[in-house]
Each structure stands twice: as C-alpha cells, then as structure tokens.
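Note that the numbering runs from 1 along the sequence shown for the chain.
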Amino acid sequence: MVALNPQAAELNRIIKNGNPAVFDLLSQKGQSIYFPKEGILAQSAEAKGTKYNATIGIALDEDKTPTRLPSIAGKIKLPPKDVFPYAPSFGKMELRESWLANIKKKNPDLKTVTSLPIVTSALTHALSIIGYLFVNPEDKIILADKFWGNYRLIFEYGFEAVLDTYNTFAGNSFDLSAFEKKINDSKGQKIILLFNFPNNPAGYTPTVKEAKQLVTIINKQAAKGKKILVILDDAYFGLVYKSGIITQSLFPFLSNLHKNVLAVKLDAVTKEEYAWGLRIGFITYGGQNLDKEAYQALEAKTAGAVRGSISNASHLSQSLILTGLSSSSYRKEKQQNYLMLKKRFQMVEKVLKVKKYQEYFSPLPFNSGYFMCLELKKGLEGEKVRQTLIKKYDTGVIAIKNLLRIAYSSVPTSDIPQLFENIYLACRETITVLT
C-alpha cells in the first residue's frame, strides 16, 4: 500500500478538526487523495505572470495567445483564452461562484455555509468522484428500488459497493415506512443514502410533507450516532409540474441537520440547463461544524480526484455555461422550456384517463422530471411489448421488467396521444399472441 502523502494527511487533519464524522465517512481512497500543492501545478502557479514563462504545458503563438487551428477557432465566438487552455481541476472560479449563487436562489431555505461547487464532467462523473471519495468495497448504498441503471456500473462495478434497495411506492405515495425500516435495519456506524428526485425512471418527487418526514427519519438515525452520507442526485432539479410537491432540493434541509450528516448535492447542466452534450456537473458539500477551511479541504480532495481521473472538465463547456447563466434572457429561456415540458406532462395525465388503457397498464406515481412509468398488467412482459412496439408500431420505449419507461420529454405534445394508443395496441397484440 502506498504511504499516506503528507498533503493528504494535512487535509485529513483539517477535516477531522472541523467534523470528525465527516472524516469517518471518507473511504480509504478518500482519505488518501489530495490536490498537489507542490510539483508542476504549484510551480506553474508561482510562475504565472512572469515575462518568460516556460512552465505551461500548452503551446502559445508568438503573441502569447493559445495556439489554435482556425478551422476550429473560427466556429467559436468566445475569446481563445476561455476555450483552448486547460481549465483548473476545481473548475473555473467564476462558474463555481455563479453556480453556488444559482443554488442559493433556487433553494431559499439554504441558510448554512456550504462548500464552493467543484466542476465535474457531468452527473455520472460526479457520482464516480463521490464513489472514489466515500465508498469502500462492500459498503451498502441505500436507495429506492426504482433507480437509474447506471448506478450499478458506477457503484457496484466501479467501487464494489452493494445497492441495497427499498420499495419506492406505497399506493400513490413515497414509501416512507419501507425507507425507515431499511435505514433502521442498517448495520454498522456508516450509512450511505442515495436520493434521485425527480426520480429516473419514475418521474416522482416527494410532497412537501413526505420530504419533511424523510429528513426527520434521517435525523433520528444521526441522533443515534450513525454517520450518514446523503448523496443527492439532482440531475432533473427544478422540473416539478404539480402543486404540493417540494420545489427545492433536500440539500437545504440536510446540510445543517446534524453533525453526523454530510449532504452532497450533485448537479449537471445536462437536463437542468438543456445542455446534455456539454458534460458539465457540480459537487457541493453541506454539513454542520464545517468551516471555510474544512470545506476547502473537502474541495481539495474532490479536485484531486478530478485531477487523477480526467484532469479537468472542458474549458469551452464551462465558458459556454457561464455565458448562459450571465445572460439577461436566461430566466425567460428556462421558463419557456419548462412550460413546454409541463404541457407534455399534462397531456400524459390527460391521455392516461382513457378508460380502455386501464385494462393493460396503469401509471406509477409521477409529477416531475422527464419520465413516467407504466406498470403492465395481465402478466405482460415489458421486453415483449417493447419489441412489438418497435416492429409493428414504429415506437420506442424502455422496458424494465414489467415496466415501460416513457420519456415524454422527447415526444412532441401532439404525438403523445398516439404514443399511448400504440402502447395499448401493442399490449393487446402481445396478450393475443400469449393466449
């Protein structure tokens, strides 16, 4: 085993002094990682501004601007300095500050001090970094049984963790009893929770009342001495279409809940800013007794994991997002897209009232996000229905056992009635073949 680097030991000391429970949540890799203050990065930083700077590992033109190809640069309106050089492993400072301001504006109950967001290469990379920092082999990650399949690749195959699920729904509500039983039965002093709201695949966000109860359940466990990491996959944040549903992240309510709770908010510009291909995400920490120095230590470890995996996220993408966030039309543009998705959601609700559809499928609870799920009846298998939809009805959906996941986000509003009619016809045809 590699000996602990002195820089990692110093970061560990700072985090321990701030909140020992947070240090105990770190994985073995998380305790070992650091962001190098010495070597190439430090020496390059010290040389910044010198007249003859031969430290930077990029090429510069004779006028000291980044060397670039006109065939590429000609397609980009941004200044070359905001496109072609490496971005910091922490992310562009202006973007980090802007995103934190964005979080605070959208989560007015966030009163506690948090870390500055660290920039990642979108949500999957953010989850992987959290796995690196906090998940040891055989650690259990508690999550609802309706979950995004990529969690398996990230946590089970990437970090040898165990996904420990509980029932997602009880009738039309979030199954709080199943969640509470699962967390009560958890062995050991460390608990890792993973929440994804709005949920992929079900398209569900808790009601205000359910969210308060979730927080209360977590607080009870923390009060018993359990050290709890709460990972908040907020990829679809903001896309809530009905009243009575929590419109904030759980982050404000968990980040100052108890000294034994560390909340980690994971965001991405993919869905939230309609920029899937730009591949930019963020990691933000919130916990009791963490001062600026302790947060900076967590940020340094996180940036160290970024440095050791992808070095840094795309500079061009970061600059584009920063430009968008700073635009005077940003709020209006976001609202227009939100209203379009809400209109599709409402059309799905309307179509599902067609009585004949109830013979073959019924919806799982949904109120937000990009998706909803149909639960098939009469022994129908999702994969058989999916194949019939492709071959006979020119229609694509995702099959998950006896569920069909419908991404109505990608279907024009006027096409939604025919989409569900095709699903009905495919179910009827599949039943006929089976009998």
Side-chain angles (χ1 to χ4, degrees), residues 8 10-27 29-31 33-35 88-91 93 95-104 106-107 109-120 122-123 125-135 141 190-196 215 218-219 222 227-235 237 248-268 280-307 309 313:
E10 176 60 12
L11 295 176
N12 291 346
R13 182 192 67 78
I14 292 169
I15 293 170
K16 272 184 181 178
N17 284 348
N19 187 334
V22 172
F23 172 78
D24 290 341
L25 286 169
L26 289 168
S27 66
K29 289 180 179 178
Q31 292 178 14
I33 196 65
Y34 63 96
F35 187 80
S89 295
F90 290 79
M93 180 56 77
L95 179 59
R96 298 172 67 200
E97 291 172 343
S98 180
W99 194 260
L100 181 58
N102 202 32
I103 289 174
K104 290 179 177 178
K106 294 175 180 178
N107 296 274
D109 284 321
L110 181 58
K111 308 298 184 185
T112 189
V113 176
T114 70
S115 73
L116 262 180
I118 296 294
V119 178
T120 65
L123 210 292
H125 183 231
L127 288 162
S128 295
I129 292 297
I130 293 306
Y132 185 104
L133 293 171
F134 294 99
V135 178
I141 298 176
K190 177 179 177 179
I191 295 176
I192 303 175
L193 304 176
L194 173 55
F195 293 116
N196 169 217
V215 172
I218 294 168
N219 191 45
K227 295 159 188 176
I228 305 174
L229 174 73
V230 187
I231 306 168
L232 301 170
D233 177 348
D234 285 348
F237 178 76
Q248 298 184 68
S249 168
L250 291 176
F251 187 66
F253 312 104
L254 295 169
S255 58
N256 196 32
L257 181 66
H258 193 281
K259 66 180 182 179
N260 287 334
V261 176
L262 177 65
V264 187
K265 179 171 170 55
L266 306 184
D267 297 308
I280 294 297
F282 303 89
I283 296 174
T284 310
Y285 299 100
Q288 275 192 8
N289 302 334
L290 292 171
D291 57 15
K292 184 177 180 180
E293 189 179 24
Y295 276 130
Q296 287 176 339
L298 279 173
E299 291 167 23
K301 283 183 173 290
T302 308
V306 172
R307 170 73 175 165
S309 55

Side chain to side chain donor-acceptor pair (under 3.5 Å): which pairs involve residues 285-298, sequence neighbours left out? Y285-T302

Please report the shortest heavy-atom distance between [X] and [Y], naming the atom on each side.
X	Y	answer
P117	I103	CG-CD1, 4.5 Å
L11	I33	CD1-O, 4.2 Å
G286	L262	O-CD1, 3.7 Å
A8	Q31	CB-O, 3.8 Å
I15	A294	CG1-O, 4.2 Å
D109	Q248	OD2-NE2, 2.7 Å

Does any N or O in the side chain of [X] come within less than 3.5 Å of the main-chain N or O of [Y], such that one atom is a donor and the other an acceptor?
X	Y	value
S255	G287	no
K190	K227	no
S115	T284	no
N196	D233	yes

Any [X] side-chain heavy atom under 4.5 Å of [Y] side chain:
X	Y	answer
L298	V22	yes
K301	L26	yes
V135	L229	no
F251	T114	yes

Can you establish whether the number of heavy atoms outside K259 located under 6.0 Å from its atom NZ is more than 12? no

Within 6.0 Å of NZ in K106, more than 12 heavy atoms from elsewhere: yes

The single option from L254, N256, N260 that satisfies side chain to side chain contact (heavy atoms under 4.5 Å, CB included) with H258 is N260

ring-ring contact (aromatic ring centres under 6.0 Å, His included) involving F282 - partner list, sequence neighbours excluded: W99

CD1 of I228 to CD1 of I192, rounded to nearest 0.5 Å, is 11.5 Å

